[in-house]
S.K.: 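Please find one structure pasted underneath; my questions will follow.
Quick note on labels: first sequence line is chain A, next is B, and so on, each numbered from 1.
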Amino acid sequence: MSELLDIIGALLLLAGSIFLFLGSLGLLRMPDVFNRIQAGTKATTLGTLLVLIGTAFIHPDWGFKLLLIGVFLLFTNPLSSQVLANAAHRSHVTKSKLTTLDQLAEDREENS
Amino acid sequence: MAEILIVVAALFSAAAFVMALLRFIKGPSPADRVVAFDVLTIVAISAIIFTALAANRGIYLDVALVYALLSFLGVIVIARFLEKGF
Amino acid sequence: MEYIALTCGFLLILIGIYGALTQSNILRMIVAFTLANTGVNLVIVGIGYINGRTAPILDTAVPVAEAATRIIDPLPQALVLTAIVIGVGITALMLAYAYKLFTLKGSLDITAIKELKW
Amino acid sequence: MIKRFSVFLIMLGLGAIFLQLLLQYLPDESLNLSGRYYAENTASEVGAANIITAIIVTYRGLDTLGEVTVLFLTAAIVGLVLSRDQSQPRVKPADRPQPGELLSIGTQLLVPLILLFGAYIFINGHLTPGGGFQGGAILASATLLMLLTHPVKRFSHRLITRLESISGLVFVGVGMLGIILAGGFLDNRLLPLGEFGELFSAGTIPVIYAFIGLKVGAEFSSMLLKLAETEDN
Amino acid sequence: MPAPDNKKRDLLILIITLFLFWLLLNGSLAVDVIVTGIVVSALITVLFYQGLSFFTELRLTPAAILAGFRYYVYFFGELLRSNLKMAKIVITPSLPIQPAIVRVRTRLKSRMGRLMLANSITLTPGTLTVDMQGEWLYIHCVYRDETAKEQDTHDLIAGFESYLEVMYG
Amino acid sequence: MNAILLVITILLGIAMIIAALMAIHRERSLPIAILSAGLVSLLASVQFLVLAAPDVAMTEAAIGSGLTTFLFFFVLGKVRRRKHD
């Protein structure tokens, strides 16, 4: 029984690591800051969550702390990427040439 | 079986770490580097979890909590610095 | 593993000292000092490590009876803990002095401060 | 030129010494004498599960007292150095960009949690990794977060200084009581050792570490506040 | 200013939340853990006596709790789906992206609800909240059709909004 | 399982040296140097954990990496503000 749980947990760990890998790949390939935030921090959040769940399968007695780490990440991670994106936008980071529309910049122009 | 899978997973995380580090080295603007820093801390959290699994000690997870807190705070401090908030 | 840690620690110390000696900006010198600080800590912890043993915290994984054969040396860790806290105190002091110097001279460049040079 | 050359020489010398040290290093196979003493006797003498905490708070408690004193002096000197800074014109806080609405709500939500986490770390210092210094740093991080989101808001300096001095007094007081009622300065057998591994065990270690945590948190917070407010006062 | 009753309720909710977190951190139900937890939560709550008006915004009716449950199910499904979509974009050699920052108006009034909305949008890859000013959300999308109309952008948030509206109002 | 620890140690070592070299590189701007130094402490703290020192790892993460970097950025912000006046 615990053998089976171990294998399920290991598979989840593997899935999480693959998401971490894809997130980092996105971080490397994307053309500008906003897209990098998108690919980088989001996919890695899901990856870490999957790693946490997988570990909880392998060691059920660590469950509480893993749950807490997960909750904490779910709260803090989006907040930090929002703040970072906002700061990048305010400091006029060059956007990728592919960007079609930027309504935030338009509205900021109007206000100032 | 399970052990082999875990080792493969750790290798994937290591690849993720290397790519984030590359972005940290390259990153043209400071904001890019901060994103890479954030990803590096998140990958470090999973590295801590792998270490805890390998050493079989549940108490190592407390350190991962501190990391989760620090990645948040660090990014906010630097973001406020970039937008000249202090 | 301890060899890798020791190598890293020594390299960090060298890099830190090199940076502190060659930079001219005070803040950069302080950054280099913190690097050397980290390196020293890494060396001390690396020396305390014993291969195949675990952290000196007793719980269900390490019962009291087996402690002496399963844990690593706790003393270097306690010393490093103190060293890190003192290190941040020193860094804060250096930063405060650097800022004060900056407000007086209007520059962070160490070559611009010539009063005490001989 | 001479400077370059001397730097090069210093680096070469240090590198040679370090290489020598590295090549001659022989890893230990077993614990040395002091390490074995701590490993075998901590559980019965001090009752703390975390041996490092036992070393820091009891076996080498005087070191920790010195450490706390150094931190206190650092905070005081930082304050002294930065306080005589009133000749400059004031910077109006209005020209700084305000934090977004998201950040300020998120901060209000997270700061109590961070404080709770810091408290957990220093209260459980004798059972899990962590202790007064780490917990104090996390408390200071909560202060920092509030400082970042409300840069204009004044903090209660009085609360922080009082917290600092009261916790320092309690720390020394508990240590003194150890001389009178138990074996010596900072002896933790003032309170019963209790069941090994419980929260209320290890004598006075949780109490001492909690107050060290509060003190360190207050010191780091005041340091950060002084650095942040030098231009506004 | 909220009424005094609300204030008490806020404080109680905060104490209970903190206490639950304390129990999770410790992972045990021993008497000493509970006593310490109550003392610590009460102390932190007293410290935060001011500035706690948004806790009242959570509704505690059965419908809201059900909506909360369904919200989390929907959220995790969406998280997985959009991550897969993102993964596909990242491993496609030509990198088919067409980023844009669009503005969307939300109906949510409560601050907590808007924070949750922004966080949910950010956590699903492909969309990222860049700024929030009042009722306007500025969202960065990795892929946006040239032909999309102004009205269609509301579809980005409609799923989350409908659940959160029941939960927070 | 020990292979994992070995891989982590080697990777962290290389990354630390790279980040340290970035931190003392003159071409990089000062914020980047500080960020790199913070990264070095962060990686060192994972290294401490691998070396079975969770207490030290926590201290390094909270104090060495966190507070030190924040202090640096505060001072740098002050300096920048003063320079622009």
S.K.: For the CG atom of B:L70 and the CD1 atom of B:I45, what is their distance to the nearest 0.5 Å?
M.R.: 9.5 Å
S.K.: Any side-chain heavy atom of B:F72 sitting closer than 4.5 Å to one from B:V77?
M.R.: no
S.K.: By a 4.5 Å heavy-atom criterion (distance strictly below it), what part of F:L39 contacts chain B: side chain, backbone, both, or neither?
M.R.: both
S.K.: Heavy-atom distance under 4.5 Å to chain F: side chain of B:A10, backbone, both or neither?
M.R.: side chain
S.K.: Pick one of side chain, backbone, both or neither for F:S29, based on which atoms fall under 4.5 Å of a heavy atom in chain B.
M.R.: neither
S.K.: For B:L21, is it the side chain, the backbone, both or neither that has a heavy atom under 4.5 Å from a heavy atom of chain F?
M.R.: side chain
S.K.: What distance separates F:F74 CZ from F:L67 CG, expressed to the nearest 0.5 Å?
M.R.: 10.5 Å
S.K.: Are any side-chain N or O atoms of F:R28 and backbone N or O atoms of F:A33, one a donor and one an acceptor, separated by less than 3.5 Å?
M.R.: no
S.K.: Counting only N and O atoms by type, is there a donor-acceptor contact under 3.5 Å from the side chain of B:Y67 to the main-chain atoms of B:S46?
M.R.: no
S.K.: Under a 4.5 Å heavy-atom cut-off, does chain F meet the side chain of B:V18, its backbone, both or neither?
M.R.: side chain
S.K.: Side chain, backbone, both or neither: which part of B:I25 has an atom under 4.5 Å from a heavy atom of chain F?
M.R.: both
S.K.: Closest approach of B:P30 and B:L82, non-hydrogen atoms and distance?
M.R.: CB-CD2, 4.0 Å
S.K.: First locate atom OG of B:S71, then atom CG of B:L40, and finally report the distance between them rounded to the nearest 0.5 Å.
M.R.: 11.0 Å
S.K.: Let me know if B:D62 has heavy atoms under 4.5 Å from chain F in its side chain, its backbone, both or neither.
M.R.: both
S.K.: Please state whether the side chain, the backbone, both or neither of F:A19 comes within less than 4.5 Å of a heavy atom of chain B.
M.R.: neither
S.K.: Provide the closest heavy-atom pair for F:S45 versus F:A57 in the form atom of the first, atom of the second, distance.
M.R.: O-CB, 3.4 Å
S.K.: Please classify the contact between B:S13 and chain F as side chain, backbone, both or neither, with a heavy-atom cut-off of under 4.5 Å.
M.R.: neither
S.K.: Which answer fits F:P31, side chain, backbone, both or neither, if we ask what part of it has an atom under 4.5 Å from a heavy atom of chain B?
M.R.: side chain
S.K.: With respect to chain B, which residue among F:L42, F:L11, F:V7 yields the maximal number of heavy-atom pairs within a distance under 4.5 Å?
M.R.: F:L42
S.K.: Any idea which of B:N56, B:V63, B:I59, B:L11 has the most non-hydrogen atom pairs under 4.5 angstrom with chain F?
M.R.: B:V63
S.K.: Can you tell me which portion of F:I18 sits under 4.5 Å from chain B's heavy atoms? Options are side chain, backbone, both or neither.
M.R.: side chain
S.K.: For B:L73, is it the side chain, the backbone, both, or neither that has a heavy atom closer than 4.5 Å to a heavy atom of chain F?
M.R.: both
S.K.: Do F:R80's NZ or CZ and the ring of B:F81 fall within the cation-pi criteria of under 6.0 Å and 45°?
M.R.: yes
S.K.: Under the 3.5 angstrom rule, does the side chain of F:T68 hit a backbone N or O of F:I63 as a donor-acceptor pair?
M.R.: yes
S.K.: Select one option (side chain, backbone, both, neither) describing which atoms of F:I8 are under 4.5 Å from chain B's heavy atoms.
M.R.: side chain
S.K.: Under a 4.5 Å heavy-atom cutoff, which of F:V50, F:I14, F:T69, F:L76 has the most pairs with chain B?
M.R.: F:L76
S.K.: What distance do B:F24 atom CZ and B:R33 atom CZ have between them, rounded to the nearest 0.5 Å?
M.R.: 6.5 Å
S.K.: Side chain, backbone, both or neither: which part of B:V66 has a non-hydrogen atom closer than 4.5 Å to chain F?
M.R.: side chain
